Every structure is written in C-alpha cells, then in structure tokens.
Amino acid sequence: MIETKVSEAQGDPCSGVMQQLSACAPFITTSASATPETSSDCCVSLQSVDVNCMCQVFNGPTIPNLDRSKALSLPQTCNLPNTVSCS
C-alpha cells in the first residue's frame, strides 16, 4: 500500500492527489504485486488530477512504496494529451 504524508493544511490544493490516484496504486507501487498495466479506473481518475500537483507530490518527500517514474508516466500510459514534465 502506498502511503503519503502530504500536507493536509487548509488551502493546499494538492493535498488530495494521492487519494484521487488511489485507483492507480496497483500500477505505481514498488511492491512485487504491482500490476503491469494501468486500469481504466486509474486513467479516468487521472483526468481530474492537476498535473502540477502531481509533480509537487511525486517530487516531494519520499513516499513509501511509490515508483516515481511509473507515477510520472501515468498520463502517457493512459494516452492523455497532457505530458508530465516535472523539473
């Protein structure tokens, strides 16, 4: 299971990113039980995620069991027009 300690501070527009991407957890985990492909539920939930927030969360403090490169490849994997380019 992917856990995060993203700030739940009031007014933080990125605090719910991991919850929004919960359907993607089986794909973006480092666990041996990770799925090789994203689910349609994952791709649907990704459509409502702010890409800037996704970058902020995935490039922030280490999130246990998160494969950052798989997480950042989600838009491409789901064939979404927005590509993630996090600096």
Side-chain angles (χ1 to χ4, degrees):
M1 174 154 195
I2 297 174
E3 298 175 18
T4 184
K5 294 184 180 180
V6 176
S7 171
E8 294 291 332
Q10 191 173 26
D12 181 356
C14 300
S15 64
V17 167
M18 291 305 293
Q19 183 177 2
Q20 287 178 289
L21 292 176
S22 63
C24 301
F27 175 71
I28 62 176
T29 184
T30 58
S31 165
S33 63
T35 58
E37 296 181 9
T38 57
S39 66
S40 59
D41 288 341
C42 170
C43 293
V44 168
S45 67
L46 184 62
Q47 293 176 23
S48 64
V49 172
D50 182 313
V51 174
N52 292 323
C53 284
M54 195 168 102
C55 288
Q56 179 182 336
V57 170
F58 294 153
N59 284 327
T62 300
I63 300 171
N65 302 317
L66 173 74
D67 183 324
R68 287 179 191 242
S69 77
K70 276 185 164 182
L72 293 171
S73 75
L74 282 171
Q76 181 181 8
T77 303
C78 289
N79 297 314
L80 298 180
N82 55 329
T83 58
V84 178
S85 177
C86 302
S87 52

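Values in this document were obtained by computation on a predicted structure and should not be read as measured data. Atoms considered below: every heavy atom in the structure, side chains included; atoms not considered: hydrogens, waters and symmetry mates.
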**Student:** How about Leu21 and Met54: do any of their side-chain heavy atoms sit closer than 4.5 Å?
**Tutor:** yes
**Student:** CE/Met18 to CG/Leu66 distance, rounded to the nearest 0.5 angstrom?
**Tutor:** 5.5 Å
**Student:** Just to verify, which of Leu46, Val49, Val51 counts as forming a side-chain contact (heavy atoms from CB on, under 4.5 Å) with Leu74?
**Tutor:** Leu46
**Student:** Mind listing the closest non-hydrogen atom pair of Val57 and Cys14 along with its distance?
**Tutor:** CG2-O, 3.8 Å
**Student:** Nearest 0.5 angstrom please: Thr38 OG1 to Lys70 NZ, how far?
**Tutor:** 10.5 Å
**Student:** Does Thr35 use its side chain to pair, donor to acceptor, with the backbone of Pro26 at less than 3.5 Å?
**Tutor:** yes
**Student:** Over all heavy atoms of both residues, which pair between Gln47 and Leu80 is shortest? Give the atoms and the distance, please.
**Tutor:** CG-CD2, 3.9 Å
**Student:** What heavy-atom pair brings Ala23 and Ser39 nearest, and what distance separates the two atoms?
**Tutor:** O-OG, 3.7 Å
**Student:** Measuring from Phe27:CZ to Cys43:SG, what's the distance to the nearest 0.5 Å?
**Tutor:** 9.0 Å
**Student:** Going from CD1 on Ile28 to CG on Leu72, what distance comes out if it is rounded to the nearest 0.5 angstrom?
**Tutor:** 9.5 Å
**Student:** For the backbone of Ser73 and the side chain of Thr77, can you confirm whether one donor and one acceptor N or O come within less than 3.5 Å of each other?
**Tutor:** yes
**Student:** CD of Gln20 to SG of Cys42: how many Å apart, nearest 0.5 Å?
**Tutor:** 12.0 Å
**Student:** Kindly compute the distance separating OG1 (Thr30) from CG (Asn65), expressed to the nearest 0.5 Å.
**Tutor:** 4.5 Å
